[in-house]
Every structure is written in structure tokens, then in C-alpha cells.
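For reference, the structure is listed below as C-alpha cells.
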Amino acid sequence: MLNSMLEFVPRIPIAEGTEWVTEWLKEKFSVLFDPIKEHLGNFMEFMSEDVLMLIPPIIFIIAVALIAFFISGKKLGLAAFSIVGLWLIYNQGYWDHLMNTVTLVIIASLLSVIIGVPFGILMAKSKIAEAIITPILDFMQTMPAFVYLIPAVAFFGIGMVPGVFASLIFATPPTVRFTNLGIRQVSKELVEASDAFGSTGAQKLFKVQLPMAKATIMAGINQTVMLSLSMVVIASMIGAPGLGREVLSSLQRSNVGTGFVAGVGIVILAIIIDRFTQNMNKKKA
Amino acid sequence: MPVIEAKNLSKVFGKNPKHALKLLDKGLSKEAILKEAGNTVGVNRASFSVEAGEIFVIMGLSGSGKSTLVRLINRLIEPTEGSILIDGEDLARMDKKSLRRVRREKMSMVFQKFALFPLRTILENAEFGLEVQNAPKEERRKKAEKALEMVGLAGYIHQKPGQLSGGMQQRVGLARALANDPEVLLMDEAFSALDPLIRKEMQDELIDLQSSMRKTIIFITHDLDEALRLGDRIALMKDGSIVQIGTPEEILVNPANDYVERFVEDVDRSKVLTAQHIMKRPETVNIEKHGPRVALERMREEGLSSMYVVDSKRNLKGYITADDASAARKNEIGNLEEILKNDIPRVDKETSMHEIFNIIHDSPIPVAVIEDGKLLGIIVRGSVIAALAGDAEVNIENA
Ligand SMILES: Nc1ncnc2c1ncn2[C@@H]1O[C@H](COP(=O)(O)OP(=O)(O)O)[C@@H](O)[C@H]1O
Ligand SMILES: [Mg+2]
């Protein structure tokens with residue numbers, strides 16, 4: 001009796017609807033998706049195989065170590081860690097995988113920032129935009145990460161580009177949120193001061209709000225980069241190359257040893273990336 | 001023509017402010033409107049005009065609407081009703097572009113908590129107003145440096161605001177406001193965040209600067225001392241309304257209502273200051289030696305319209321006026337006895353400021369300070385006001 005009340009409405013076809021929408025998008029926007037897939041794919045391949053992999057590893061390691069030394073305020077810790085860590089990855093024969101992962105992370109987080117900061121600014125400037133975007137961000141972040149792999153494959157097939165796409169959805173929210181937060185945190189008096197002297201909206205943004213919000217925005221970008229890395233690893237499931245793929249194939253073959261080594265490689269990369277973005281923040285704040 | 005004229009300027013915060021204005025029309029109080037409609041009345045029908053070169057002080061207790069009013073003047077807050085004329089143009093009805101032009105060229109603001117840009121150097125802070133006008137780099141630097149020099153900060157231009165003391169930070173705030181050479185300066189409790197000594201120093205400096213630059217200044221304060229020291233005219237605010245506008249003297253002498261009176265009592269330093277602290281050495285004539293001719297000559301020398309008359313032992317005999325002395329000279333009257341007047345306002349050394357104040361505002365001539373019948377000194381109206389305004393320290397050595 002009570003159960004029949006629950007069954008009063010037949011199952012709502014949400015899954016079918018989603019599928020239908022995805023199909024529809026794929027069809028209608030293939031003019032958009034296909035060139036993105038092609039050009040971005042080519043560019044990323046070029047970047048990893050024809051640029052990063054051609055740099056002799058020793059030069060790459062020294063360059064990273066030098067940058068580490070300077071951005072950490074001429075301390076040796078991070079530089080030493082970078083040398084040892086990167087050398088270990090090289091030593092284990094994962095250098096090319098590392099370069100693929102680095103390419104994915106750089107492109108994915110760059111795009112996240114390019115898209116995320118303007119949305120953050122929009123949210124800060126308009127209450128309506130904030131009210132609309134906030135729940136969308138919540139939704140984007142609470143979905144399990146690999147769910148995004150499905151539309152990514154639908155739109156872009158397999159390879160690096162769908163990996164970047166999935167990472168965009170998953171990793172952009174912190175940049176948007178922190179940009180919004182950073183701008184809203186700028187003291188009311190400073191905003192008044194800039195208005196009182198006759199600033200235009202753009203002058204206020206670039207001369208006062210963004211400089212003041214920079215530290216907060218950088219904290220958001222740091223999170224975005226870390227999320228990108230985690231997503232890029234997951235994206236190996238849809239054929240994105242890199243360290244993640246090694247973990248995945250070890251998993252499929254129950255190969256604990258290589259899985260562990262590839263995992264350590266990811267951790268090393270994560271630590272280096274995290275410290276780099278954090279230090280850039282500190283230096284400028 | 002006044003530089004700034006506010007007409008019926010009102011601001012009501014909250015939803016449906018026009019409705020709240022109607023309730024104001026019906027005579028409801030600020031409190032009642034908050035209860036009934038949920039609106040806060042920030043400013044209620046403020047009308048005043050400020051002349052060129054004037055320091056116009058707006059004074060009131062915290063929450064009386066001063067900050068709101070000053071922000072209505074440059075439209076950092078949108079008025080609910082009324083107009084603000086600057087050089088005859090109505091700011092309240094201007095489009096954004098014209099509003100920016102007015103803000104860039106005609107008025108600058110100095111903030112209570114300085115509101116300096118912490119990431120910019122002192123020089124870059126002072127340049128800000130010119131920078132948003134896209135002035136050429138050279139020019140903007142020159143003008144900013146000049147403004148910083150005016151406020152005595154020439155040596156600090158490459159430091160960041162955080163490295164300076166509060167007083168110095170507010171000098172930067174002032175320089176930033178002066179750099180684009182505005183007609184009008186809006187100063188919202190500009191010195192309230194400073195400690196008393198620095199505060200006084202800044203007041204003096206503003207007076208100094210003003211004597212050479214002759215800006216039109218609207219100065220907000222909650223402090224009567226400050227208002228009296230700085231203001232050419234003072235407007236008193238209560239619950240969003242302006243309750244009285246007048247010169248410092250008018251405000252002190254004729255407080256418009258209890259509220260103003262209470263304010264004035266606040267400044268009454270009767271407990272510490274008495275007649276002896278503010279009296280001056282009197283100019284007198286000696287009844288035993290001098291006649292109308294000498295008296296007249298002395299009055300002319302000193303620029304006085306009346307003078308006290310004493311004998312050789314400084315016993316007070318009365319006073320004479322210049323008019324009487326001149327008539328006496330014409331009629332060839334040789335001594336002062338005949339024109340001597342006796343309706344002298346008298347106090348003794350220990351008389352309190354409050355009493356002196358009551359006596360002096362009815363009196364056309366200075367108050368005489370008497371001890372054992374001898375004239376010790378005189379008190380003029382100006383020194384009472386100055387003392388009330390907190391300038392008395394300078395004269396305490398006189399006692
Ligand atoms: N943005 C605002 N929203 C609502 N009420 C405000 C706002 N700003 C000021 N008020 C109210 O308006 C009144 C006047 O405030 P204000 O102008 O800051 O007074 P003052 O500067 O004299 O201390 C106060 O009751 C205050 O609470
Ligand atoms: Mg205030």
C-alpha cells in the first residue's frame with residue numbers, strides 16, 4: 001500500500017535524458033569539438049614529444065632545480081628534492097611518461113585558470129552571477145571525478161584531450177571560488193577610495209582588486225593545479241598517456257612493484273608542483 | 001555661488017526606501033521607521049551650501065549619518081532623493097561618465113582609516129588619482145611629489161604605507177587627495193583614528209595648508225573640539241537630520257536645542273579652566289593722567305572700540321567707548337569722569353569657563369577679571385571659544 005504510493009510516478013528517465021543531451025551536444029557541437037580535439041591534441045603531442053622529451057633530462061632537472069632554488073628564497077631544500085626526485089623517475093625509466101603527465105597538467109591547469117579567473121571576477125562583480133554559479137561549482141566538485149570521463153569520451157574520444165576536458169570540469173572550481181573570494185575580501189574602504197578618485201570598473205579591477213586578491217587567487221590556483229594532477233592520473237582510464245597509465249596497467253596486471261614505482265613518481269611530481277605554486281604565491285604576496 | 005549645495009538630500013537604506021521617505025513625511029522618527037518598515041534612515045532631508053574656500057564641518061554622534069552624508073556628496077552612496085549641486089551641476093542626476101569626471105577633477109576624499117593601497121609605495125599611492133586620469137607619467141610623478149612635499153613626506157616616497165606611523169599614513173592620504181588639485185576635499189573623520197597629540201598636530205597642519213591652498217573642505221568629525229578648531233561653519237547632525245548650521249560662535253552661544261547644548265557642555269572645561277587661564281593683559285587708560293584725547297589715540301592704536309579705565313593703583317573705575325571719547329573731545333571735555341560707564345561684566349580669577357561663557361555672550365565689551373577691586377585682566381570672546389576648542393594650553397602660562 002505505502003509502496004504503491006512511491007511507485008505513483010514511474011521512473012523518471014534522467015539517465016536517458018542525460019544521454020540524449022550528450023548525444024545532442026555531440027552532434028550539434030561537433031563543429032566545435034572536432035577542431036578542439038584535433039588542434040589541442042596536436043599541440044599537446046607536439047609539446048610533450050617534440051619539446052619536453054627532446055630536452056635532455058639532465059638540463060631539465062638542472063633547470064627545475066635552479067628555479068626551485070630561486071623561488072624558495074635561495075634555500076636548498078626544494079632544489080635538492082627536485083634533483084633527487086626527478087633523477088629517481090629517470091632512473092626508473094619513466095621519463096617520457098613524466099613528460100606526458102607534465103604536459104597534461106600544465107595545459108589543463110592553464111586552461112582552468114584562463115577560464116576560472118574571469119568567472120571568479122564575474123561572480124565578485126555580480127550577486128546574480130554568484131547565486132547562479134555557486135551551486136554549479138558545488139555540483140562540479142561533488143561529482144565523483146571519473147564521472148566526467150564519460151562525457152569527455154563522448155565529445156573528444158580517447159587520449160589527452162578528453163583528459164584535459166575532464167580535468168577542466170573537475171579542477172576549475174577552486175580558481176573560480178578563490179578569485180571571487182579574493183576580490184570580495186578587498187576592504188570596502190579601498191574599493192571606496194578607488195571609486196572616489198574616479199576609477200572605471202576596469203581600473204578598479206586591475207589597479208586595486210586583483211592586486212589585493214592575488215594571494216588568495218594564487219591559493220585557488222594551487223588547488224586547481226593539484227586537482228588537475230589527480231584528474232590527469234584518473235584520465236589514464238580513457239587513454240591519457242603518462243604516469244597514471246603505468247599505475248593503471250600495473251593494476252590490471254596486479255603488478256605491485258611497477259604500480260608502486262609509478263605511484264611514487266606521481267607523488268614526487270605532486271610535491272614539486274605544490275611547492276612551486278605555493279612559493280610563487282609567497283614571493284609575490 | 002556656493003561650490004556645493006545639497007538640497008533635501010536623503011538616504012534610506014533597505015528595501016522600498018521611497019515608502020520609508022513617506023513615513024518620514026508623516027513625521028515618524030528614525031526609530032519608528034526602523035521598527036515599522038525595517039529601513040534605516042541614513043540622512044534625512046539635508047540641505048546646506050558650502051562656499052568656496054570654507055571649512056564646513058559636519059558634526060554629530062556616531063550613527064548620526066555623517067559618513068552617509070559625505071558619501072552622498074560624491075555619490076559613493078546613491079541618494080534616495082534630493083540633489084547635490086557642484087558648481088551648479090546636479091551630481092545626483094549625472095551619468096556615470098560625468099560622475100567620474102567630477103570625482104577625478106573636482107573632489108577628492110580622505111578616509112578615516114586612511115584606505116591607502118598597501119601594495120603601492122607612498123609615491124604610487126599619491127599618484128593614484130592622476131593615474132586613473134591617465135595623466136602622463138612625468139606629470140603625475142611631479143604632482144604627487146609636490147603633494148607629498150606639502151604634507152612633509154618628501155623623504156619617504158619609496159616606502160610602503162605599512163612602514164609608516166598612523167599620522168604619516170594619513171598625511172599620505174591627504175597628499176593623495178591633494179595631488180590632483182581638487183576644488184573640494186571631503187574628509188570623513190580623517191583624524192579620528194590618530195592619537196590626541198598627532199591629531200592636534202594634523203589639525204594645525206590642515207589649518208596651515210588651508211591658509212595657502214584655500215580649498216573648499218567638508219570635514220566630518222564627532223568631536224566638538226575638532227569642529228571648533230577647524231570649522232568656519234559647523235553643521236550639527238542628529239538621527240540623519242541637520243539640526244543646526246552656524247559659525248562656531250553661533251553654535252556655542254545659541255545652541256539650537258538640548259542636543260546641541262549637551263554637546264556644548266561636553267566641551268565645557270570649567271573643571272580645569274578658570275578665568276585666570278584665559279585672561280589677557282588689559283589695555284587701559286589712567287583716569288588720573290589721561291583725558292579723552294589720549295584715550296582715543298590709544299584705542300585707535302590698539303584697534304579697540306572700548307577701553308577700561310583704572311587709577312594709578314589699577315583700581316577699576318569703569319570703561320569708556322570710542323564714540324563717547326570722540327564726542328567728549330569735540331565738546332572739549334577734559335577728563336574721563338563724565339563719560340565713564342559702569343555696567344561692567346565682572347568675574348574673579350576663579351570663575352569657571354561655563355559662567356564666563358554665559359556672561360560674555362550678552363556683553364558688548366570684554367569681561368573684566370577683578371581682584372580686590374583691581375583689574376587683573378580681560379577676557380575676550382575669542383579666547384573663550386579658543387579655550388573651549390582646546391587651545392587653552394598655550395595660555396596656561398599666563399596664570
Ligand atoms: N550600508 C548601510 N546599510 C544599512 N544601514 C547603514 C549603512 N550604512 C550606514 N547605515 C546606517 O545609517 C546610519 C548612519 O550611519 P553613518 O553615516 O555611518 O553614521 P556616522 O558616520 O555619523 O557614524 C546608521 O544608523 C547606520 O547604521
Ligand atoms: Mg562615520
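Just so we're on the same page: letters track the sequence lines, and every chain starts at 1.
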Is any side-chain heavy atom of V132(B) closer than 4.5 Å to a side-chain heavy atom of S194(A)? no

Tell me, with the steps shown, if F117(B) and K207(A) meet side chain to side chain contact (heavy atoms under 4.5 Å, CB included). CA-CA 9 Å; F117(B) 304 117; K207(A) 291 180 193 298; over 6 Å; no

By a 4.5 Å heavy-atom criterion (distance strictly below it), what part of E192(A) contacts chain B: side chain, backbone, both, or neither? both

List the atom of A196(A), the atom of M109(B), and the distance in Å for their closest heavy-atom pair. CB-CB, 4.1 Å

Identify the two heavy atoms, one from F197(A) and one from R104(B), that lie closest to each other, and give their separation to 0.1 Å. O-CG, 3.4 Å

Answer yes or no: are there more than 12 heavy-atom neighbours, outside K146(B) itself, under 6.0 Å from its atom NZ? no

Does any backbone or side-chain atom of D188(B) lie under 4.5 Å from a heavy atom of chain A? Answer side chain, backbone, both or neither. neither

Could you look at R101(B) and say if it's the side chain, the backbone, both or neither that has a heavy atom under 4.5 Å from chain A? neither

For A115(B) and A193(A), work out which heavy atoms get closest and say how close. O-CB, 3.9 Å

Side chain from CB out, backbone as N, CA, C, O: work out which of these in L116(B) comes under 4.5 Å of a heavy atom of chain A, or both, or neither. backbone

Residue part contacting chain B, namely of K188(A), when any heavy atom lies under 4.5 Å: neither

Write down the atom of L119(B), the atom of P211(A), and the distance for their closest heavy-atom approach. CD1-O, 3.3 Å

Residues, nucleotides or ligands: over 12 heavy atoms within 6.0 Å of F81(A) CZ: yes

So which of M107(B), E131(B), K96(B) has the biggest tally of heavy-atom pairs under 4.5 Å with chain A? E131(B)

Which portion of S199(A) sits near chain B, non-hydrogen atoms under 4.5 angstrom: both

Atom CD of E138(B): over 12 foreign heavy atoms under 6.0 Å: no

Nearest 0.5 Å, please: how far is CG in D195(A) from CZ in R71(B)? 11.0 Å

